[in-house]
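Below, read A as the first sequence line, B as the second, and so on, with proteins coming before strands; counting in each chain starts at 1.
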2 protein chains.
Amino acid sequence: MSKPHYALYYWPGIQGRGELVRLAFEATGTPYVDVARGPGGVAALKRFLEGHAPGMLPFAPPFLVEGELVLAQTSAILAYLGPRLGLVPEDDASRLAAQQIQLTLADLVGEAHDTHHPIASSLYFEDQRVEAKRRAHHFVRERIPKYLGWLERLLERAGPYLLGAQRSYADLSLFQVVEGLRYAFPHAMAAEEKALPHVVEVHDRVAREPRLAVYLASERRLPFNESGIFRHYPELDPGRSR
Amino acid sequence: MSKPHYALYYWPGIQGRGELVRLAFEATGTPYVDVARGPGGVAALKRFLEGHAPGMLPFAPPFLVEGELVLAQTSAILAYLGPRLGLVPEDDASRLAAQQIQLTLADLVGEAHDTHHPIASSLYFEDQRVEAKRRAHHFVRERIPKYLGWLERLLERAGPYLLGAQRSYADLSLFQVVEGLRYAFPHAMAAEEKALPHVVEVHDRVAREPRLAVYLASERRLPFNESGIFRHYPELDPGRSR
């Protein structure tokens, strides 16, 4: 067997932003190496970050390596892979739409991270839990409805997928964001999803794709945990009493 | 005279993320309409946000309108305009490099915003100043060096510009980020820049471009202020005593 074409570099042990790239490979049955989960992989990843590898110096994982190409930033990776893996329609308008949706999902992911790290990524959650509780309160009440409500409106205007008839990488990321928010904020999401029938429908359609159903049940799919971007701290999702 | 091809929609009164797009137009002498700064412009902008305009529903300004295209997300706008305005080299590798740099600068801009709004954009600064001081402390000590140090290393490896010989939209955004950080954190930046000779050199080269020099001295260039993304609150930049 020939070596897979694509190498993904991301921290092992968490889904994180790397999962948005994994889903693109898994949904299309594209062979890839998840480098840092293999022997010596973290050292290989660090060689890139420390500037000891050729090509572009990535700012942070995830990054994709394909031959001489070194490409960081999740949304850039997906914009690159989209046409190659058949994960975006052919026309320019659809590709631009996919990219702006993806970038907005990336902003949502960043804000979800900052609910548990509102002061600094370098500090433990325990050292910023008071601020985290305050930020999460606003995130749940203002930001989740704003972001997911926007996706719902996009789906009302087009549908059944975000770009219309064809499922794209943006739909895969929508799936992941809904999964992550459900894990982190189960009370809030249970209430919120009642107003988001189209978003839930896309999530469910993606989850039912045969390749993804196999992946999601496999060991390759890491569980959510409290080292990742979507973390479940009950105090940040107190439910109705808030 | 014919109507300009490009319409930029962004909140009036602040540089904000819209400025990254303005610099692309101004650096290349490309005619554009800065819609929301004209009569009825804010109402026109809101028509898009409220879904009363055709085309893609933008999540937030800035967005670009060109014929039927409605394109939000600053980095997506620049990736689109780059080849059209001659602001990125022709080859795919350079375009991918420009995009990943731009996305990283966008992350830095987002973190700069969150120094004064670490809890919620919906609250006033005064309602989150204690948290802001704490977040800014870490931003100045950890994040500015990490982001700008990465740019410095890119320039050491290539140079004189971020992509090598040709100045790109990423260099224009580097200029803006340095300007914004100097405005917001003058003490921190005065200390930090000593380790960033290449970054400062790119900033200065961009500032000296004849078209941009004219623009920067014009009324079209809005001043920084405490409604924008880069804000100067002295308590967030206490200098050496920290």
Does any heavy atom of chain B fall under 4.5 Å from the side chain of [X], the backbone, both, or neither of them?
| X | answer |
| --- | --- |
| A/Leu49 | backbone |
| A/Leu69 | side chain |
| A/Tyr80 | side chain |
| A/Leu123 | side chain |
| A/Asp107 | side chain |
| A/Arg134 | both |
| A/Phe139 | neither |
| A/Glu68 | neither |
| A/Glu142 | side chain |

Measuring heavy-atom distances to chain A, does [X] have an atom under 4.5 Å in its side chain, in its backbone, in both, or in neither?
| X | value |
| --- | --- |
| B/Ala93 | neither |
| B/Leu163 | neither |
| B/Val70 | backbone |
| B/Gln102 | neither |

**Prompt:** A/Leu71 versus A/Phe63: any side-chain heavy-atom pair under 4.5 Å?
**Reply:**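 They are not in side-chain contact.
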**Prompt:** Is a salt bridge present between B/Arg143 and B/Glu111, judged by a nitrogen-to-oxygen distance below 4.0 Å?
**Reply:**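 Yes, this pair counts.
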**Request:** Give a yes or no on whether a salt bridge exists between B/Arg135 and A/Asp114, defined as a side-chain N under 4.0 angstrom from a carboxylate O.
**Result:**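 Yes, this pair counts.
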**Message:** Please verify the inter-ring angle class for A/His113 with A/His116; under 30° counts as parallel, over 60° as perpendicular, anything in between as tilted.
**Reply:**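 It falls in the perpendicular class, over 60°.
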